[in-house]
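Accompanying notes for the structure given below.
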Amino acid sequence: VDDYDANIYGINLGLNYSHDENWFVMANVRVNKMDTDLDSVLYNGHFYSNPSVIGGLAKIDLAYQVGLFDNAWIAAMIGVGTEIYKVADSNITDAFVRTGVVAGYNFDMMGIDYNYYGKIESTADYGYVVSVGMGFWSRYDGAGVFAELTTIHAFDIDAYKVSVGAKFWF
């Protein structure tokens with residue numbers, strides 16, 4: 001199979017902790033389902049029509065952030081994680097180490113924080129991820145929205161992702 005379409009949907013929960021404005025820890029847990037648009041796939045002697053994939057990921061990153069000028073910053077990170085997928089009758093599990101760099105620009109205007117960023121991540125065993133994004137956060141309402149464009153190169157396959165979401169402070 002060289003070319004196919006898929007729809008992926010799920011939920012991503014994150015927790016960030018900052019210490020003395022330079023060190024921070026980011027943890028994420030994600031569960032998702034992927035519906036494919038494949039006619040039939042022969043796997044292990046069985047034919048599967050449009051197999052779906054159920055997956056999960058857990059990761060934790062440690063980063064150190066440095067202010068550059070005005071409201072610009074850069075952070076180096078290192079982390080570990082694991083992915084688990086169920087495809088047809090197979091279970092796939094992978095553990096990984098990753099590293100990356102995130103750079104951004106933040107400012108606030110009339111109680112709304114604006115955040116623009118770009119990041120490059122490399123996973124030791126299979127590829128890299130490049131993202132650009134932006135977000136808006138209202139401190140008075142404790143709510144915000146974000147959007148991110150991502151390209152993923154893994155196992156000689158290129159994928160593209162558009163993410164939009166909301167976040168709430170409670």
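Residue numbers start at 1 and run along the sequence shown. Side-chain atoms are counted along with the backbone in the values below, which use heavy atoms only and exclude waters and symmetry mates. Keep in mind it's a predicted model, so treat the numbers as computed, not measured.
Side-chain contact between Val25 and Ile60: present, with at least one pair of heavy atoms (C-beta onward) separated by less than 4.5 Å. Put simply, the side chain of Asn12 reaches to within 4.5 Å of the side chain of Asn28, judged on heavy atoms. Side-chain atoms of Tyr160 and Leu149, non-hydrogen and from C-beta on, never get closer than 4.5 Å to each other. For the pair Met26 and Lys59, the minimum side-chain heavy-atom distance is 4.5 Å or more. At least one side-chain heavy atom of Val101 sits less than 4.5 Å from a side-chain heavy atom of Ile74. For the pair Arg98/Val129, no side-chain contact is recorded, criterion being any heavy-atom separation below 4.5 Å from C-beta on.
Side-chain atoms of Ser163 do not come within 3.5 Å of backbone N or O of Ala147 as any donor-acceptor pair. Judged purely by atom type and a 3.5 angstrom limit, Asn115 has no side-chain atom pairing as donor or acceptor with the backbone of Met134.
Hydrophobic cluster membership is shared by Tyr105 and Met109, with clusters built from Ile, Leu, Val, Met, Phe, Trp and Tyr side chains linked at under 4.5 angstrom.
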| ring pair (Phe, Tyr, Trp, His ring centres under 6.0 Å) between Tyr114 and Phe107, worked out | CA-CA 5 Å; Tyr114 297 84; Phe107 68 94; 4.9 Å; yes
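When all heavy atoms are compared, the tightest approach of Ala63 to Met77 is CB-CB, 3.8 Å. Closest approach of Phe24 to Ser18, counting heavy atoms only: CB-CA, 3.9 Å.
With Val130 as the fixed residue, the side-chain contact (heavy atoms from CB on, under 4.5 Å) test singles out one of Ile152, Thr150, Thr151: Thr151.
For the atom pair CZ of Phe136 and OH of Tyr116, the computed distance is 4.5 Å after rounding to the nearest 0.5 Å.
Within 6.0 Å of the CD1 atom in Ile120, the count of heavy atoms belonging to other residues, nucleotides or ligands does not exceed 12.
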